[in-house]
Every structure is written in structure tokens, then in C-alpha cells.
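Structure record follows, encoded as C-alpha cells.
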Number of protein chains: 2
Amino acid sequence: MLSAIFLGKETQTVARPANSQSNSTEVPEVVITRLPQYIRVLNSLLDAGVDVISSQQLGEQLQVTPAQIRKDLSYLGRFGKQGRGYNVSYLATELKQILGLNRRWNVCLVGVGRLGRAILSYPGFVPEGFEIVAAFETDAAIVGQTISGLRIQPIEELDRTVTRQNISIGIIAVPSAVAQKVVRRLTECGIKAILNYAPVYPQVPPQVKVRNVDPVLSLQSMTYYLVN
Amino acid sequence: MLSAIFLGKETQTVARPANSQSNSTEVPEVVITRLPQYIRVLNSLLDAGVDVISSQQLGEQLQVTPAQIRKDLSYLGRFGKQGRGYNVSYLATELKQILGLNRRWNVCLVGVGRLGRAILSYPGFVPEGFEIVAAFETDAAIVGQTISGLRIQPIEELDRTVTRQNISIGIIAVPSAVAQKVVRRLTECGIKAILNYAPVYPQVPPQVKVRNVDPVLSLQSMTYYLVN
DNA sequence: GCTTGTGAAGACCTTCACAGCA
DNA sequence: TGCTGTGAAGGTCTTCACAAGC
């Protein structure tokens with residue numbers, strides 16, 4: 001019986017602000033975080049056979065103001081037609097291109113405990129173009145096992161495998177106590193994007209992006225509204 | 001082999017803005033989402049035997065400016081002493097009180113597929129005071145089974161169980177297609193806080209809080225920075 | 001001297017409102 | 001007429017900077 005999960009603060013997780021040095025021409029990070037949501041809705045509209053949609057209609061589906069959608073898109077180009085709206089297929093294609101979602105990404109997992117195994121068997125990544133092609137552990141009892149079709153490697157092979165398999169993204173599922181150390185190892189391999197399931201916010205060099213998946217934090221911030 | 005996961009957009013997180021009608025005296029939602037992080041660091045400081053900490057030092061641990069910490073706390077009260085800083089134990093206690101974390105919360109899970117089972121066996125909730133005390137399914141093949149010590153109930157029993165077991169929080173782990181329907185059922189039972197693992201942003205009445213756990217969105221927003 | 005708490009300033013993000021165009 | 005794209009306005013959040021107090 002295998003399984004898999006995750007979270008988003010935004011949610012959160014939210015993710016940290018992290019607007020390092022913002023050239024006036026830079027796209028705000030919050031805009032970037034909304035684009036995948038736009039794409040998701042556009043995909044479902046495509047499936048429903050919708051050809052054209054206005055910012056008004058799109059906004060209703062996304063629970064966002066039409067002005068926000070138009071403004072967001074205006075940072076990236078001019079995709080609509082006055083008097084008509086946006087061609088669903090064209091807009092989806094353009095946004096995927098901009099986000100780099102028109103290709104596959106190789107991902108590695110560090111930490112193959114209970115949580116790591118759930119991530120390995122989570123079926124939501126591959127259809128979106130994210131494939132976990134390597135998994136690492138320190139526990140000698142786990143190294144060498146084959147889990148979800150993947151041979152678990154010792155952490156020492158990280159550097160070599162990341163290079164050889166052209167891995168750009170790391171997923172961390174190790175205990176809090178070692179998360180920071182793992183983050184450093186990943187960044188030293190040249191990894192620039194990390195999805196962190198450990199309940200700590202690790203420090204990274206400014207050019208590295210981290211997104212934290214932390215359902216406990218999400219619960220803990222909601223209870224405020226239950227008692228107030 | 002069971003397992004468990006989650007995410008944080010929020011990141012994350014992130015979560016939707018959702019500043020409905022803000023009295024000038026209301027605590028900003030983004031402040032509320034930071035408090036659990038503060039508490040986490042304070043707890044680890046307590047374990048380390050630290051008695052007093054300044055906003056400067058706390059800020060270093062959290063990667064946040066000292067001014068932000070002081071400002072955040074000032075929305076909630078006056079917890080520090082000039083010239084000294086904050087008493088770690090006192091501040092942690094006060095913040096937990098404010099967030100309603102000085103008590104246990106009963107939680108129900110809807111959806112006991114692969115993902116739901118991972119959530120059921122996730123060991124991170126109970127130590128923080130969140131206990132999944134009921135689980136619901138529509139699939140007749142799963143209803144009646146006992147998983148992680150919990151008898152899986154038919155969805156029809158939701159209302160009665162929520163009332164009887166005093167459940168305040170719902171976790172959703174159903175397919176996207178039915179997530180909105182489940183959200184409505186939960187809100188009709190009086191549930192005011194929902195942790196949503198389905199890859200859709202459901203609509204809720206304004207007094208209901210939702211946090212979305214969505215690692216795919218997190219990955220999809222990071223790739224932008226890998227290609228740009 | 002050192003650090004908090006907080007008005008004020010500044011940065012950032014969202015919304016408005018309309019010119020421009022189909 | 002209908003809708004986009006966008007400067008400008010408005011609002012929210014963050015940072016500054018300093019008075020107050022230990």
C-alpha cells in the first residue's frame with residue numbers, strides 16, 4: 001500500500017517574499033506564482049472545448065479580479081484581442097512556454113523514509129512533466145533497495161548523478177535536523193530549485209528558489225480564525 | 001508500507017489573499033501566517049535553553065528583518081522588554097494562545113485513496129495537536145475498512161460525526177472533480193477551516209478559511225526562474 | 001548602551017478607469 | 001459595443017528611524 005502527499009502555504013506556502021534586487025522591469029514573484037493556476041484553468045477550458053475567454057470569465061473561475069489577470073498578463077506580453085478576449089489554446093501555450101513547462105524536468109529526491117516513499121509514488125508529478133529520476137538516502141539499510149522502480153543511491157553519489165542525469169530540481173524529505181545540510185549539498189551541485197517538505201525554512205543563496213510544503217503551518221494559521 | 005506528505009505555497013503558499021472586509025484594527029493575514037513559524041523557532045530555542053532573544057537574533061534565524069518581527073508582534077500585544085528582548089518561553093506561550101494552539105483540534109479527512117491514506121499515517125499532525133478522528137469515503141470497497149486504526153465511514157455520516165466528535169477542521173484528499181462538492185458539504189456541516197490537497201482552488205463562503213497544499217504548483221512556479 | 005514599539009515613509013501589489021482597437 | 005492593455009490611484013505590507021524605557 002503506497003501513497004503520496006504534499007502542501008502549498010503559500011500556501012503558503014507560501015514561500016518567502018524573496019524579492020532580491022528588483023529591476024523595475026522584473027515580473028513580480030506573486031505574478032509568477034499565479035500563472036500555473038491560470039494554466040490549469042485554461043487546460044480545463046480546453047478540455048471543455050472553449051476557444052476564447054475574457055478576463056472577466058477567467059476571473060470568475062479563478063476567483064480573481066479581471067483587472068488582475070490583465071495586469072498579470074501585461075507583464076509578460078500581449079495575448080488578447082480587444083473586443084474578443086483570449087484564445088484559450090494560444091494563451092495556455094504561451095504561458096507554458098514562459099514558465100518552462102513545455103519540456104520535461106528531471107528531479108531528484110533526497111530522503112527515502114516514510115515521507116520520501118510517498119513522494120516517490122505520488123502520481124501527480126509525471127503528467128506535469130516532472131520526473132523523479134534519482135533518490136538518495138544516508139540510511140545504509142535503505143540504500144540499494146529498489147522503490148517505485150528506482151534504485152536508492154547513497155548520498156555520496158548526489159553530485160555525480162545530478163550532473164550525469166541533468167537534474168535541475170531537488171525535493172527534500174529528510175528530518176528537519178539535516179534539511180539545511182542537504183540544501184547546501186544540493187545548491188553546491190548547482191541545483192537552483194528546491195521543493196522542501198522538511199518543517200524548516202532553509203537558507204539558500206539568492207539565486208536558488210525554495211518552495212516549502214508544510215501542512216502543519218497551514219493548519220496552525222487557520223486555527224487563529226477559529227478562535228477569533 | 002504506509003507514508004505521508006504535504007506542501008506550502010506559502011509557500012506559499014501560499015493561500016489566496018482573501019482580505020475580505022478589513023477593519024483597520026484587524027491583524028493582517030500575512031502576519032497570522034508568519035506566527036506559526038515564529039513559534040517553531042521559539043520552541044527550538046527553548047529546547048536549546050535560550051531564555052531571552054532580541055528581534056535581531058530571531059530575525060536571523062527566520063530570515064526576516066527585525067523590524068518585521070517587532071511590527072508583527074505589535075499587532076498582537078507588547079511582549080518584549082526594552083534593552084533586553086523577548087522572553088522565549090513567555091512569547092511562545094502567548095503566541096500559541098493567540099493562535100489557539102494551546103489545545104487539541106479534532107480533524108476529519110475526506111477521501112481515503114492513496115493520498116488520503118498517506119495523510120492518515122502522517123506522523124506530523126498529532127504532536128502539534130491536530131488529530132484525525134474520522135475519515136470518510138464514497139467508494140463502497142473502502143468504507144468499513146480500518147486504516148491506521150480508524151474505521152472508514154460513508155460520506156453520509158459526515159454531518160452526524162462532525163457534530164458528535166466536535167470536529168472543526170476538514171482535510172480534503174479527493175479527486176479534483178469532486179473537491180468543490182466536498183467543500184460545500186463540509187461548510188454545510190459548519191466546518192470553518194479546510195486543508196485542501198486536491199489540485200483545485202475551491203470556492204468557500206467568506207468566513208471559511210482554506211489552505212491549499214499543491215506541490216505541483218510550487219514546482220511549476222520555480223521553473224520560471226530556471227529558464228529566465 | 002541596548003532593544004522595543006510605533007508613527008511615518010517607502011515599496012510593492014491590486015484595482016480603477018479609460019484610451020484604443022476589433 | 002465589447003474587451004484588452006495600461007498609466008494612475010489606491011491600498012496593503014515592509015522598512016525606517018527614533019522616542020521611550022529597561
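Each chain gets a letter, A, B and so on, in the order its sequence line appears, and its residues count up from 1. Side chains are part of it too, since the values below use all heavy atoms of this structure and drop only hydrogens, waters and symmetry mates.
- Atom C1' of nucleotide D:dT6 and atom CZ of A:Phe79 are separated by 15 Å, given to the nearest angstrom.
- The separation between B:Asp51 atom CG and C:dT3 atom P is 16 Å, rounded to whole Å.
- Just one of B:Ile167, B:Val107, B:Leu158, B:Ile169 meets the side-chain contact (heavy atoms from CB on, under 4.5 Å) condition when paired with B:Ile191; it is B:Ile167.
- In this structure, A:Leu58 atom CG and D:dG5 atom P are separated by 12 Å, rounded to whole Å.
- Straight-line distance from the CG atom of B:Leu73 to the C1' atom of D:dC13: 16 Å, rounded to whole Å.
- Distance CD (B:Gln82) to C1' (D:dC18): 12 Å, rounded to an integer number of Å.
- Following rounding to the nearest Å, B:Lys71 (NZ) and C:dG7 (P) show an atom-to-atom distance of 7 Å.
- In terms of phosphate contacts, A:Thr65 brings no side-chain nitrogen or oxygen within less than 4.0 Å of OP1 or OP2 of C:dT14.
- Atoms CG (B:Leu76) and C1' (C:dT6) sit 14 Å apart, rounded to a whole Å.
- The two atoms that bring B:Ala193 and B:Val208 nearest to each other are N-CG1, 4.4 Å, heavy atoms only.
- Listed nucleotides D:dT4, C:dT14, C:dT6 differ in distance to B:Arg70; the shortest reach to its side chain belongs to C:dT6.
- A:Gln57 places its CD atom 8 Å from the P atom of D:dC3, with the value rounded to the nearest Å.
- Of the residues near DNA chain C, A:Lys81 and B:Ala67, the one whose nearest nucleotide (by heavy atom distance) lies more toward the 5' end is B:Ala67.
- A donor N or O paired with an acceptor N or O is not found under 3.5 Å between the base of C:dG5 and the side-chain atoms of B:Arg78.
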- [ ] Evaluate the criterion side chain to side chain contact (heavy atoms under 4.5 Å, CB included) for residue pair B:Asp159 and B:Thr163; output intermediate values, then yes/no.
- [x] CA-CA 6 Å; B:Asp159 209 332; B:Thr163 305; 4.0 Å; yes
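- Closest approach to the A:Tyr86 side chain among D:dT14, C:dT4, D:dG5 is made by D:dG5 (side chain taken as heavy atoms from C-beta onward).
- Residue B:Ser55 has a polar side-chain atom (N or O) positioned under 4.0 Å from OP1 or OP2 of C:dT4.
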What pairs of donor and acceptor atoms, side-chain ones from residues 81-93 of chain A against any protein atom, are under 3.5 angstrom apart with sequence neighbours left out?
residue: A:Asn87; atom: OD1; partner: A:Ser89; partner atom: N; Å: 3.1
residue: A:Asn87; atom: OD1; partner: A:Tyr90; partner atom: N; Å: 2.8
residue: A:Thr93; atom: OG1; partner: A:Ser89; partner atom: O; Å: 2.8

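- A side chain to side chain donor-acceptor pair (under 3.5 Å) with A:Glu60 is found for exactly one of A:Gln57, A:Gln63, A:Gln56, namely A:Gln56.
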